[in-house]
Each structure stands twice: as structure tokens, then as C-alpha cells.
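The structure appears right after this line, and notes come after that.
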Amino acid sequence: ATKNAPCIIFIDEIDAIGRSRDSKYGGGNEEREQTLNQLLSEMDGFDSSKGILILGATNRPEILDKALLRPGRFDRRIIVEKPDLKGRVEILKVHAKDVLMDETVDLDEIALATSGAVGSDLANMINEAAINAVKEKREFVSQKDLFNAVEIVLVGKEKKDRILSEQERKIVSYHEVGHALVSALQKNSEPVQKITIVPRTMGALGYVMHVPEEEKYLNSEAELKDMLVGLLAGRAAEELVFDSVTTGASNDIEKATSIARSMVTQYGMSKKFGLIGLETVESRYLDGRVVMNCADETAAAVDEEVMKILKESYDEAMNLLKDNREIMDKLAEYLIQKETITGKEFMEIYCKEKGIPVPEPKTETMKKDRAEKASEEDKKSEHEETVNTEGCEENSENEEPENQKEAGEAKDALKENEEVTENEVAEESKELCEKEESGDVAESNAGEAIGTTGDSDDSTGEGPVLTGKDADFASELKNRLYK
Ligand code: ZN
């Protein structure tokens, strides 16, 4: 490599050779150790004048040899996490670039509904949506296709040939309505998007789809408790109505248990134990496996505490459903007939029974909010366009310094070799900023900036967030062209 300098060396899965020499991690393999030692001493010889850049990638940073992580060797650590809302919007845009979409498509909404999905999931969703559109002999992908695709990726295809017996349909309906009703009754939980009892290939007999109003990074204790109550409500509904229970709740129970356990052992949310960390997460970037580090008696007590939390949640779910039995019956009846209830229909029935006015559908208000924030929206829809440009005007005053700051941040975080191109992009953006008022923004520039996002997303995604900002900015500019 020194011969070919300047160059970049990329070592994928660096934990294969850079594993800690400590025997705790199964170190002590002669050959590997020699490779590592050689690598270490070679890396010591590098300095900035040689123009060699080493990149390593691993999803088990905790088992790497400490010597490898010392300053002077791998100086900087870039953590590539699951994409956040903004990241998902950008990834969707990248994959949607070559797909024809009609004006109903709102990628922000899709991104919001796919919390926790990674790049490959999102690519898969766009692909499924395209297949769906082709199947129905349409030339454009619609928002409905995309939502269908999200469901296919998350829970599997509809399994139309599986016929449930009358009794089973009834049970599944009550189970799902139980989930949905309880989450509607609690103010801390997400609005219901859709309830369905059409079986899916991945095993679900029915499910409730939630779409959060915004992405969350923190969950309060109250929210976690509400989640538990919501999860257990399916089973509670079964018991309340049929006086017997089925195997259908196993997945709910599993999820609820793991939340309750984390509350006790990791988040310090139990009065009994207080702020003690009883579990540590071992491989955070792989399966997130946890290891108990406490005495056996404590472990047993933890189990008891978890059971207590679950019991309380179940009782609460039961009480909520008992108090709203009539609404539940109405909803279940409707669901058995129609197989699917949208969030809107759900709210209509719910509000009618409760005797309160039907609120404006959440998705609509969400759209408005977002349009006001002047985020990147579909330009094809004329109505939204006008709202959008108004938003832009409001924001444009304080936007310029922000963008420059962002460009500065991007510069800091990027490596030498990338700095040049990124600087260019930043320069360009600045220029665009200045030119924008006179309205002679070259569209091709904006296109280029989007191109950079694409590259970084496809690789290990070194800085989807950083370049993402540039792309955002570019599309914002594009929006303004329509003024
Ligand atoms: Zn359930």
C-alpha cells in the first residue's frame, strides 16, 4: 500500500484479525496474533505525509484489541446505527429515484411508519411496491402500494387461502380490537392506523398497525407502562369475552416480558431495586444479547418483580376493557364483517360510542404540520406545493447560517480525501444560497448533491446523516424553484 499511496485500505469484519489477545474472547491464535502485531507496527509507521487511510468495519467493537483502538492507530470511531426518520426518508428517496411514483406518494409518511427498518428493508419495500403496481397494470406506484409493501416486509403477504373458522375469526377480532381500543384509551400511546384480521404468511392471524406521530428516542416510564398494558390487552380481551384464552398471545407476552425486564434491570424503573444495573448488553450491534450480572437470589427476585409488573398491566388492561365493553363489541362486530378497519373508521366508531366529536384524522394533521415546517414534500401535488412554498418563506431567514454551520460540521467529520469533494459541495450550496433569490439555480447542481447521498448509503453508510443534510438542502432548493 505504501507503494500505491495515496490510497485507502478498507478492512471489513476487522474483528476477525483484530480480536483481543485476551483469552477471555478466545484469543491466543498464533497466526492471527502475528497478523495483528504486524498490522499494529505497520500502522505506527503511518503519518499524514504518506497519504494512507485505513478504514475498518466491525459490528463487535467491544472485542477488538485495545491496542488497535489507541490514538495513532484507529483514531476515529464512526457508529453506523439504524437510520433515523430523516435517514429513512433519504434512503427511500435514493431507492425511489428510478421508480415512477404518482402524486399520492408521501415518503415522509412511509418513513414514519417504518421505525426500526434498515436500508435493505426500505429497498425491499420500494421493490415490493413496484411489483404491486405492475401486478395491477399501473404505470405509477401509489402510496397505497407503498403501505402494502411495508406490511409485506413487516408481517408477510396476505394469505387469502387460509380460511379461519367463524369462532377463530371472532377470537382474533376481539384480540386485535383489545389492543387497539386500549391504546386509544390511553393518552400515552400511538394512534391506530389499521386493524386487520386477514392472516399473513409470517404467522400473524391479525394485527394492529400503529403509526407514531413523531419518532422517539426516549421513552418515559409512563409510555412503557402503557405499552405493556396495550400488549397484554389482546389476551385480556380474549379472557373477558370468551372466558378462555388461546395461544395467539405468545408474541405479545414475549414482547411485554422483555420490556418489563428491561425496566427492572436496565432502566432503574422499579422501586424495589432502584438504580442498579442488573444486566449489561453484550453485543450491542448484533443481537443485543443481555447478560445478568447479579447473584442468583437477585435474579429470582427480578423475575418476581417482572411478574408483578406484568400482572398489574394485565389487570389494568382488563379494567379498561371492562369499562368499555360496548365499544369493544361494536368494533369487533365491524371487524368481523369487514376484516379490516382503517384508523379513521376506528375513530368514528370510537367517538360515536364515546359521544365525543370525531377529531381530525391524525395523518392529515401530520401532513399539515410537516408542510408548515417546509420539509421536502412531493412537488407534483399542486395543493401541497403552495403550502410548502409559504413555509419556505417563513424559514428562509434563519436558514442560511444554519446551512453553513452544517457544512462546517460535515467538513470536520469527513476524512482528508473526502474533504475536497465535500468542500466543493458546501461551496456550491453557499453559492446556491446566494443565487436563490434571483431564481437562477441550476437544477443539475441539486441533482449532484443528491447523488452523494446515494453513494454513502450503499456502502457502510459512513455519514448518511451528514450528506443527508446536503441532499435535504438541495431538494429544498428544488422546491423553491417552483415558486
Ligand atoms: Zn396480540
Please determine whether side-chain contact (heavy atoms from CB on, under 4.5 Å) holds for the pair Glu305 and Lys308, giving the CA-CA distance in whole Å, both sets of side-chain angles, and the decisive distance to 0.1 Å. CA-CA 5 Å; Glu305 184 72 2; Lys308 203 178 119 215; 4.2 Å; yes
Would you say the side chain of Met269 lies within less than 4.5 Å of the side chain of Val264, judging by non-hydrogen atoms?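 When only atoms from C-beta onward are counted, Met269 and Val264 do not touch, as no gap falls below 4.5 Å.
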Are any of the side-chain heavy atoms of Tyr350 and Leu181 separated by less than 4.5 Å?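 They are in side-chain contact.
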Among residues at least two apart in sequence or on other chains, which ones pass salt bridge (Lys or Arg N to Asp or Glu O under 4.0 Å) with Glu333?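 With sequence neighbours excluded, Glu333 shows a salt bridge (Lys or Arg N to Asp or Glu O under 4.0 Å) to no residue whatsoever.
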Take Tyr207 and Glu151 through the test side chain to side chain donor-acceptor pair (under 3.5 Å) and record every step on the way to the result. CA-CA 10 Å; Tyr207 65 93; Glu151 284 175 56; 2.2 Å; yes
Applying side-chain contact (heavy atoms from CB on, under 4.5 Å), run through Leu224 and Tyr267 and close with a yes or a no. CA-CA 11 Å; Leu224 288 178; Tyr267 309 143; 4.0 Å; yes
Donor-acceptor contact present, side-chain [X] to main-chain [Y], <3.5 Å:
X      : Y      : answer
Asn319 : Glu316 : no
Thr298 : Cys294 : no
Asn124 : Ser120 : no
Asp84  : Gly87  : yes
Thr114 : Ala117 : no
Arg88  : Pro83  : yes

From [atom1] ([X]) to [atom2] ([Y]), nearest 0.5 Å:
X      : Y      : atom1 : atom2 : answer
Thr247 : Arg235 : OG1   : CZ    : 8.5 Å
Ile131 : Asn148 : CD1   : CG    : 12.5 Å
Ile195 : Thr342 : CD1   : OG1   : 9.0 Å
Thr280 : Asn293 : OG1   : CG    : 4.5 Å
Met347 : Glu345 : CE    : CD    : 13.0 Å
Met101 : Gln143 : CE    : CD    : 9.0 Å

Which is it for Leu107 and Leu146 under the side-chain contact (heavy atoms from CB on, under 4.5 Å) test, yes or no, and what are the steps along the way? CA-CA 9 Å; Leu107 292 181; Leu146 283 169; 4.1 Å; yes
Other residues, nucleotides and ligands only: do more than 12 of their heavy atoms fall within 6.0 Å of NZ on Lys272?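 Correct, the count exceeds 12.
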Does either side chain, that of [X] or that of [Y], offer a donor lying less than 3.5 Å from an acceptor on the other one?
X      : Y      : result
Tyr314 : Glu239 : yes
Glu238 : Thr246 : yes
Asn127 : His95  : no

What pair of heavy atoms forms the shortest contact from Leu310 to Ala260, and how long is it?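 Looking at all heavy atoms of both residues, the closest pair is CD2-CB, 3.9 Å.
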Return the minimal non-hydrogen interatomic distance between Ala237 and Met328, and the atom names on each side.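 Looks like CB-SD, 4.1 Å.
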Does this structure show an ion pair linking Glu312 with Lys225, if we count only N-O contacts that are shorter than 4.0 Å?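 Not counted as a salt bridge, because no side-chain N and carboxylate O are separated by less than 4.0 Å.
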Using a strict threshold of under 4.0 Å (side-chain N to carboxylate O), is an ion pair present between Asp315 and Lys311?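 Between Asp315 and Lys311 there is a salt bridge, with a charged N closer than 4.0 Å to a carboxylate O.
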Show your reasoning for whether salt bridge (Lys or Arg N to Asp or Glu O under 4.0 Å) applies to Asp329 and Arg325. CA-CA 6 Å; Asp329 287 340; Arg325 178 70 198 258; 3.3 Å; yes
Test side-chain contact (heavy atoms from CB on, under 4.5 Å) on Arg261 and Glu279; report intermediate values, then the result. CA-CA 10 Å; Arg261 177 166 281 273; Glu279 276 179 349; 3.6 Å; yes
From the options Val208, Thr340, Ile341, select the one residue that forms a side-chain contact (heavy atoms from CB on, under 4.5 Å) with Lys194.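 With Lys194 as partner, side-chain contact (heavy atoms from CB on, under 4.5 Å) holds for just one option, Thr340.
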